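Down below is the structure, laid out as structure tokens.
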Amino acid sequence: MNTNDILLAVLVLIGAPIIGCIASGIDRKITARLQGRVGPPLLQPYYDVKKLLSKDNMVVNPTQNFYVIVYLVFIVLSLLMLVFKQDFLMIIFVYTVASLALIVGGMSTGSPYARVGSSREIMAILSYEPVLILYALAIYLLTGTFKLTAVLDASSPMLMYTPLIFIAMIVVLNIKLKKSPFDYSTSHHGHQELVKGMTTEYGGPGFATIEIAHFYEYVFLTGLIFLFWASNPIIGVLLGIIAYLLIIVIDNITARVYWQWMLKLSWSVLLIISIVNIAFLYVSGVQLA
Amino acid sequence: MSLAKSPWIIHVNVNSCNGCDIEVVACLTPLYDAERFGVLNIGTPKQADIMVVTGSVNYKNVNVLKNIYNQIPDPKVVLAVGACASTGGIFHDCYNVVGGVDQVIPVDAYVPGCCPRPEAILDGVVAALSILENKKKGNIKGKEVKLKGKEVPSNA
Amino acid sequence: MLDNVIQNITEIKSMPEVLKAVEGFKSDGYRYVTMICLKANEGHELIYIFEKDNKLKNLRYFVKPGEKPKSMSGIYLCALLIENEYQDLFGLTFEGLAIDYKGHLYLTPNSPKTPLA
Amino acid sequence: MTTVIPFGPQHPVLPEPVSLKLEIDNDVVVGVLPSLGYVHRGLEKFIDTKDFNQTMYICERICGICSGIHGITYSRAVEKLFDIEVPERAQYLRVINSELCRIHSHLLWLGLFADGFGFESLFYECWKYREDVLDVLERFTGNRVIHSMSKVGGASRDLTKEQIDQILKTLDDLEPKVKNIEKVFVNNYTVKKRLVGLGVMSKQLAYEAGTAGPTLRGSGNAIDVRNTSDYDIYKDLGFKTAVAKEGDCYGRTKVRIDEIYEAIKLIRNAISKLPEGEIATRVKGFPTGEAIIRAEQPRGEVVYYVKGNGTKNLERLKVRTPTFANIPSLLLMLPGVKLADVPIVVLTIDPCISCTER
Amino acid sequence: MGMLNLVLGNISRKPATRLYPFEVRAPFKEFKGRIVFNPDNCILCGLCQKKCPPDAITVIKADKTWELNVFRCIMCTECVNGCPKDCISISNERAKTGAKEFIKVAVPIVDKPKAETPKADTTKAPKAAPSK
Amino acid sequence: MIENTVMLLIIVPILFSLLFVALPKSLYKYLAWAFFIIGVALSVNLVLDGTGVVQIGEPNFAMFENIVLILEVLIILFILAVSAKYKNWPTLGLGIVSAALFAYTFTNVPGVEGASLNIDQFSQIMILIVNIVGTAIILFATGYMDEYEEHRHLNRQKIFYFTMSFFLGAMNGLVMADTLGWLFLFWELTTLCSFVLISYNMDEEGINNGFRALALNLVGGIALSIGIILLATKYEISTLSGIGTYAGTDAAAMATVALPVALLCIGGFAKSAQMPFQSWLLGAMVAPTPVSALLHSSTMVNAGVFLVVKLVPAFAGSSLGTAIAVYGSFTFVMCSALALSQRNAKRVLAYSTIANLGLIIASAGIGTPLAVAAAIMLILFHAISKALLFLCTGEIEHTIGSRDIEDMSGLINKAPLLTTLAALGMVSMLLPPFGVLLTKWVSMEAASSNPVVIVFLVLGSALTTVYYAKWLGTILSSSMDKNAVPHKKPETYFPLSFLGLAIVVTSIFVFSIYNYFIKPQVEILLKTAPVISGQAGQFTSEIGAFAYAAIFVVLALAVLIYLATKNMFTPRTSSYYMCGENNLEKDRLMFRNGLCSYEKSSVSNIYLQNTFGESKLTTLGYAISIILIVIALAGGVGL
Ligand code: SF4
Ligand code: SF4
Ligand code: SF4
Ligand code: SF4
Ligand code: SF4
Ligand code: SF4
Ligand code: SF4
Ligand code: SF4
């Protein structure tokens with residue numbers, strides 16, 4: 001830990017939510033435009049969070065906010081680990097902690113809607129986690145280590161060798177951002193049979209925490225896409241942005257599907273294309289230069 | 001100004017004929033696009049700021065109204081939309097109608113009409129915003145509305 | 001002939017006959033449209049309305065005070081709502097309802113009792 | 001252990017207060033108990049205090065979505081008591097109003113339905129188109145959704161040349177737009193995934209369950225009250241009864257979309273034949289006798305029963321609304337569907353609770 | 001791909017939104033906005049009160065006042081058509097949103113000298129100021 | 001004096017088992033405390049004594065050898081007697097086969113001159129588990145069994161404690177024995193103890209399940225004894241360490257002993273209830289919870305994987321190793337999937353146990369230094385976490401009267417401490433920074449060189465997350481009603497808290513544990529140790545790094561933030577959102593239904609019985625696992 005590292009960490013801590021907030025604002029703006037509306041101001045997510053923080057802290061269970069804090073700090077940790085080029089497998093596990101914290105937070109409120117939402121989100125884990133780990137495996141196969149250093153230092157883009165995993169990751173991104181067609185556990189704006197799913201009983205500061213964590217999560221998830229073309233940061237960032245935009249468009253042209261359907265999709269199509277990709281890497285033995 | 005920029009509403013339809021409801025929904029649609037003001041129709045009272053009530057109150061939904069009101073964290077504003085919600089409207093002397101929403105919970109602003117135009121509802125939301133700000137500044141809390149007329153829970 | 005008729009109602013005197021007639025309608029392919037309840041001489045008058053090929057047929061039955069008419073929900077499931085409604089509004093009691101709301105379809109223990117009676 | 005959760009009365013996917021107790025086992029609904037009464041006002045009692053003219057306004061407020069048709073049907077029922085013939089032009093105006101109502105109601109439903117399966121942008125699209133229809137309705141009747149255009153004896157508002165042109169122009173614009181959203185409802189992969197095979201009722205079942213309107217026609221029963229001989233001038237205008245044989249949510253959606261096209265045709269037809277003349281006859285005296293009238297509302301057949309006793313107040317008014325007829329079919333369709341499908345199945349009958357409970 | 005075309009079409013076009021408070025479309029002349037009462041000819045016959053379905057109008061002969069509960073009126077125009085003296089008309093301006101409003105008008109009976117000018121006062125419920 | 005400690009480790013438990021028989025029930029509490037303290041002392045002492053081999057030669061050897069012989073005869077007679085008594089013919093048949101094999105060994109296999117007990121770091125770890133976790137469980141039992149028996153109208157506690165204590169002695173012997181014959185004796189002794197304890201309830205279900213366990217373990221025992229016979233007759237190997245020495249890391253030598261090694265491994269698989277033997281462990285769940293915790297999760301079943309790991313030098317890097325790895329990882333994914341569909345908490349734990357043992361076997365099969373290190377560490381961490389989870393389940397059962405996961409919702413309100421401990425146990429099974437996940441991470445990184453294994457591990461680990469998350473969420477969900485009162489007895493809560501603490505402490509000191517125990521052990525087994533450094537709170541191997549310290553810090557940070565902000569935003573408790581139809585007087589989860597009466601809402605989790613149910617997967621699992629075993633055997637014979 002030298003000064004540079006600390007500076008970088010602080011930069012991430014402060015910068016990520018700003019980027020995430022703007023990204024979320026852009027999302028809402030673009031969604032509105034796709035729907036032929038004007039939409040909210042760009043900084044609307046910021047206003048929302050500010051408002052939520054100034055509201056009463058209404059809870060059903062005094063400990064429910066603990067879980068969302070865990071969610072937040074672990075999202076931040078996984079983002080920091082990504083930035084500091086840590087072990088990718090480890091990052092995924094840390095990220096799982098965050099996801100689970102949110103699920104358990106939802107469950108802990110005891111509200112029936114939150115519980116049904118959480119159990120659907122658990123099923124979401126079942127569909128995306130294998131893909132994430134296979135992604136990690138692909139990195140290992142390409143670089144000989146799970147540490148991200150090699151990927152970030154490589155001179156050629158990973159996308160060349162992992163196109164199928166890239167496709168799978170786009171779907172994972174869609175699941176993780178809880179965008180249509182995969183907004184079955186909670187949905188940001190669209191109306192849902194589960195009310196607000198996992199977050200039904202969260203309001204005020206607790207919900208603000210979730211929103212802030214979402215900001216970090218946006219950055220983290222697009223960071224995962226960035227890795228596919230980390231050799232050229234500009235293209236990498238562009239790739240992240242394109243993926244993000246793509247998901248916004250998909251969000252607007254699909255209906256919500258069932259988690260059962262998603263599970264099937266992921267265990268049949270996503271897993272298989274990922275495994276095919278992995279198998280290719282094994283057989284060809286290519287290494288990232 | 002933080003509250004005024006992000007009013008999240010919860011729409012409670014109590015005894016409405018749908019006329020008002022569909023106009024409330026219409027406010028969110030592209031032509032009127034209430035989201036320009038940051039309005040979101042949020043599902044749960046726990047995250048709402050403005051309670052938009054349409055329709056008069058009847059005996060079955062008194063408790064619903066009170067419960068939802070109590071579950072909105074402060075500061076909160078209640079907006080009564082339509083003649084029914086404001087005064088009971090044409091139904092004010094029906095046997096099963098208690099009256100306007102203000103018979104049950106405190107109402108901060110009213111929107112006239114049967115049914116009100118979406119523009120009028122947007123006016124109401126804008127009016128609610130400043131009330132919201134004032135409540136925050138003055139730290140005015142909504143009183144917990146007690147449930148009257150308890151019904152004995154059977155098979156409890 | 002007009003399609004929407006309430007005239008030429010067949011009057012029926014006893015509940016079992018009503019049941020039989022309704023069963024007959026069902027086997028003739030009639031649909032249950034609704035039932036109308038009117039106050040009449042202390043008791044209630046029930047008008048059952050059936051439809052087939054857009055033509056209506058009606059049955060009339062007079063419920064004596066205190067009498068408990070039989071529910072048609074066993075023959076036509078859709079009769080259960082209107083019968084429950086009349087339990088609420090007129091204080092009638094239908095026997096053998098598929099789902100018996102016991103006077104709480106619309107009204108709660110607090111609301112006025114049998115407002116239309 | 002089954003999951004038991006309340007669904008409503010205040011619930012974001014239900015714009016109206018109705019409550020279903022859902023018992024779910026393994027993500028599949030095994031039991032439903034609807035809970036009604038949140039919108040029960042007691043309108044049928046109103047006739048004691050309001051005279052038969054005022055009652056028209058109350059009938060319109062049985063429901064705000066196709067309030068126009070309620071008003072018209074009520075008027076027709078009372079006119080039958082008086083045994084008066086309404087001027088031809090008024091009959092045409094009523095048809096135009098009814099069919100405009102149908103278009104706006106179906107567009108509204110398509111939107112809410114799309115929202116029910118989480119397709120927000122489609123929802124917005126439908127409601128955007130609906131605004132144009134509302135504009136012409138507003139110019140025609142003076143209000144966007146509660147029209148008060150009919151009165152006992154005829155119509156209270158006439159159409160001017162300018163308004164007629166606007167209606168025609170709006171319809172011309174609307175038709176391609178409906179074609180656009182039809183493509184989405186009929187072809188979109190995810191939409192089909194959600195709708196096809198969901199909430200199936202066989203032709204026989206839908207018929208016997210007493211369902212009405214698109215719920216009935218979506219199962220292949222070509223039954224439409226507009227075909228009855230004494231329903232205004234529908235018989236002269238000629239229209240095709242929209243049916244779909246699927247019997248699922250997909251079929252019912254298609255029926256409603258087809259009905260929009262039919263309604264557009266009907267309005268064009270009516271406008272082209274619109275006769276000149278009076279729009280109302282004077283009504284003298286007070287109503288007596290019994291009458292029953294049925295009409296086809298967007299949600300299906302409504303039945304008005306009126307009984308007059310020679311005073312200005314009616315003796316009995318009874319309205320059997322289409323949703324009232326369709327709710328029992330929910331009891332048949334819901335068991336066996338997934339929890340996530342509950343909103344779709346509930347919306348597929350186009351529920352209108354306020355008219356169910358009055 | 002129907003939806004894709006639709007959303008892409010939307011984004012390439014101007015939004016359909018009417019920026020309401022800043023951009024107001026003039027109301028249609030046919031629109032039933034609010035009831036306007038002209039007391040000049042009123043004879044306090046009370047017909048309008050009788051006709052009004054929601055009992056929004058109160059005519060008090062003794063006080064010579066005509067009162068309308070704006071928040072109860074449903075714009076049915078029964079009163080407009082029913083008034084023998086055509087005192088009531090309808091305007092296409094909407095009633096104001098915000099606090100509850102009653103229009104209470106002292107009626108100068110016609111056969112009295114015209115000197116007494118009609119005095120309209122709008123009583124408002126105390127709470128909550130409406131917005132700009 | 002390592003010899004003394006070793007002897008004491010076997011003798012003291014047997015002594016205690018006799019004491020339990022001799023003394024009245026009222027003293028059990030004190031006995032258990034004493035046993036716990038002595039157990040801790042002895043095992044720590046052993047660790048302090050260091051490693052070493054205790055040779056038992058003449059003149060004592062003859063005596064010991066006779067004891068062993070007598071005991072083996074007794075075991076066989078016992079098996080024959082009970083199976084005849086209960087008319088359980090398969091078991092009887094297997095008993096006869098065992099007897100025949102014994103007779104064959106006795107007559108045909110050349111005797112040995114001495115026996116040896118080999119105490120290496122691995123044995124030390126096992127001793128620690130057996131004597132600390134084991135005695136803690138016995139202590140827990142003294143707070144648990146009274147109520148258990150009361151509900152079932154039983155009075156068999158003497159047999160219970162006798163067997164439990166005796167088992168500890170046998171287990172101690174098992175993990176220290178180097179001589180294969182002795183190993184086999186202790187092996188069969190644990191099987192017997194297990195049988196007695198499973199059929200403890202003496203009802204039909206218990207007895208049937210007991211016999212199933214006995215039968216399947218006898219199958220394993222037969223494979224084991226055939227392996228031993230082969231080794232002794234063909235290669236003149238009579239000790240465990242001998243196999244390693246013989247095979248070395250020399251591929252040719254490995255290939256020659258592959259068949260007996262595979263047979264030994266099959267014995268291990270049966271003991272560890274790997275597919276297709278898993279049914280006995282599930283059946284064993286009818287036994288009282290302490291039995292499940294002690295025998296069927298943290299110690300006895302570990303004997304199987306212990307053996308497999310000890311055999312690593314005989315198959316590391318060979319095709320047999322690969323087959324074992326695939327087989328283990330297959331069990332891992334299959335049992336994780338099966339656990340997904342279970343609502344019975346003990347069955348979930350049973351499947352989870354089998355799955356984790358499968359993971360250990362997979363790691364051993366991979367056979368790289370890193371993987372073997374992971375295997376050993378996983379044995380340690382898994383034993384602690386699983387013991388805690390089993391005991392918690394038992395205590396939960398006594399608190400709410402059910403072991404159905406669905407009934408546990410709202411537990412946090414009823415028994416906060418118990419719930420926290422159970423939650424800790426679950427979290428430690430699936431989340432960083434706790435030991436189990438760390439080792440899972442290590443094994444995944446190690447397995448990344450084998451595509452089939454890694455894909456299985458990936459799927460299995462996702463499934464694991466799901467079934468624990470479900471349960472975790474359920475016990476933590478609040479219901480706002482506080483009806484049940486937890487039974488707060490020190491005998492039950494001390495072991496629970498102790499195990500909880502052990503999880504945290506071992507996880508924090510994971511690197512020291514690695515350095516002290518694992519590294520030398522891997523060196524013993526494979527001659528090389530993985531390159532692992534523990535700087536900056538990271539567990540760094542050549543291909544990755546696990547920053548456990550950072551996570552602990554962040555976790556602490558989260559708690560701090562929570563405590564700090566708790567009062568900043570004063571929480572106001574409100575009722576649930578029930579679409580407006582709450583009932584505030586009674587239960588807050590009630591709502592008004594259509595009949596105007598109140599009804600409680602409830603939510604059950606998703607179990608996917610239709611996809612992952614036992615009826616769907618078990619047959620498939622049997623088929624594939626048997627095929628895999630046959631492949632392993634075939635590879636062993638050199639086909
Ligand atoms: S105010 Fe009018 S439109 Fe609104 S709910 Fe009441 S009757 Fe319906
Ligand atoms: S069913 Fe509903 S929408 Fe249709 S007319 Fe009746 S009240 Fe109106
Ligand atoms: S269907 Fe019913 S709930 Fe839905 S908008 Fe129409 S009237 Fe409202
Ligand atoms: S309308 Fe005429 S008859 Fe009726 S109350 Fe008024 S003055 Fe009398
Ligand atoms: S418009 Fe209708 S509701 Fe309004 S005052 Fe006149 S009569 Fe009354
Ligand atoms: S306004 Fe007209 S109807 Fe009303 S009291 Fe005056 S004159 Fe009579
Ligand atoms: S409490 Fe019940 S189960 Fe337990 S011993 Fe007594 S009677 Fe038997
Ligand atoms: S909780 Fe169950 S198993 Fe435990 S003692 Fe009570 S009844 Fe027996």
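Everything quoted here is computed from the prediction, not taken from an experiment. Each chain gets a letter, A, B and so on, in the order the sequences are listed, and its residues count up from 1.
- Of the listed residues (Val458(F), Leu557(F), Val427(F), Leu555(F)), the one with the most heavy-atom contacts under 4.5 Å to chain A is Val458(F).
- With 3.5 Å as the limit, one finds no donor-acceptor pair spanning the side chains of Ser99(A) and Tyr71(A).
- Residue Leu263(A) touches chain F through its side chain alone, counting heavy-atom pairs closer than 4.5 Å.
- Taking Val70(A), Leu77(A), Ile122(A) one by one and counting their heavy-atom pairs under 4.5 Å with chain F, the maximum is reached by Ile122(A).
- Of the atoms belonging to Leu463(F), heavy atoms from both backbone and side chain fall under 4.5 Å from chain A.
- No part of Phe88(A) comes within reach of chain F, as not one of its non-hydrogen atoms sits under 4.5 angstrom from that chain.
- To the nearest 0.5 Å, atom CH2 of residue Trp471(F) and atom CE of residue Met429(F) are 10.0 Å apart.
- For Tyr351(F), the side-chain hydrogen bond (donor to acceptor under 3.5 Å, both in side chains) partners two or more places apart in sequence, or in a different chain, are Glu614(F).
- Using a 4.5 Å heavy-atom cutoff, the side chains of Leu224(A) and Leu82(A) are in contact.
- Put simply, the side chain of Leu102(A) does not reach to within 4.5 Å of the side chain of Tyr67(A), judged on heavy atoms.
- Aromatic ring centroids of Phe220(A) and Tyr95(A) lie under 6.0 Å apart.
- Atom CH2 of residue Trp261(A) and atom OG of residue Ser127(A) lie 11.5 Å apart, to the nearest 0.5 angstrom.
- Of the listed residues Leu457(F), Ile412(F), Thr465(F), Ile475(F), the one with more heavy-atom pairs under 4.5 angstrom with chain A than any other is Thr465(F).
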| said: Could you go through Lys147(A) and Asp87(A), starting from their C-alpha distance and side-chain angles, then the distance that decides it, and tell me whether this counts as salt bridge (Lys or Arg N to Asp or Glu O under 4.0 Å)? | reply: CA-CA 4 Å; Lys147(A) 294 224 193 104; Asp87(A) 184 305; over 6 Å; no

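- Neither the backbone nor the side chain of Leu72(A) comes within less than 4.5 Å of any heavy atom in chain F.
- Trp267(A) is not listed as a side-chain neighbour of Ile272(A), based on a closest heavy-atom distance of 4.5 Å or more.
- Within the 4.5 Å cutoff, no side-chain heavy atoms of Ile278(A) are placed close to those of Val455(F).
- Of the two parts of Ile103(A), neither the backbone nor the side chain holds a non-hydrogen atom closer than 4.5 Å to a non-hydrogen atom of chain F.
- With values rounded to the nearest 0.5 angstrom, Asp5(A) atom CG is found 10.5 Å from Leu80(A) atom CG.
- By the 4.5 Å heavy-atom criterion applied to side chains, Leu438(F) and Met377(F) are counted as neighbours.
- Using a 4.5 Å cut-off between heavy atoms, Phe93(A) touches chain F through backbone and side chain atoms alike.
- When side chains are defined from C-beta on, Ser336(F) counts as touching Tyr467(F), because their heavy atoms get closer than 4.5 Å.
- Heavy-atom distances place the side chain of Tyr282(A), and not its backbone, under 4.5 Å from chain F.
- Side-chain N or O atoms of Asp56(A) include none that pairs as donor or acceptor with a backbone N or O of Met58(A) at under 3.5 Å.
- Residue-level contacts of residues 107-115 of chain A with chain F, in order of numbering, are Met107(A), Ser108(A), Thr109(A), Gly110(A), Ser111(A), Pro112(A), Tyr113(A), Arg115(A); threshold 4.5 Å between heavy atoms.
- Considering only residues two or more places apart in sequence or on other chains, Thr63(A) meets the side-chain hydrogen bond (donor to acceptor under 3.5 Å, both in side chains) condition with Asn61(A).
- The contact list for residues 129-138 of chain A toward chain F, using heavy atoms and a distance under 4.5 Å, reads Glu129(A), Pro130(A), Ile133(A), Leu134(A), Leu137(A) by residue number.
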Start with the C-alpha gap between Tyr161(A) and Ser284(A), add the side-chain angles, then the distance that decides, and say whether side-chain hydrogen bond (donor to acceptor under 3.5 Å, both in side chains) holds.
-> CA-CA 10 Å; Tyr161(A) 311 109; Ser284(A) 66; over 6 Å; no

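- Heavy atoms closer than 4.5 Å to chain A are found nowhere in Leu563(F), neither backbone nor side chain.
- Chosen from Gln64(A), Met123(A), Met81(A), the residue pairing most often with chain F at heavy-atom distances under 4.5 Å is Met123(A).
- Ranking Val68(A), Thr200(A), Leu126(A), Leu141(A) against chain F, the residue ahead of the rest is Leu126(A), based on heavy-atom pairs under 4.5 Å.
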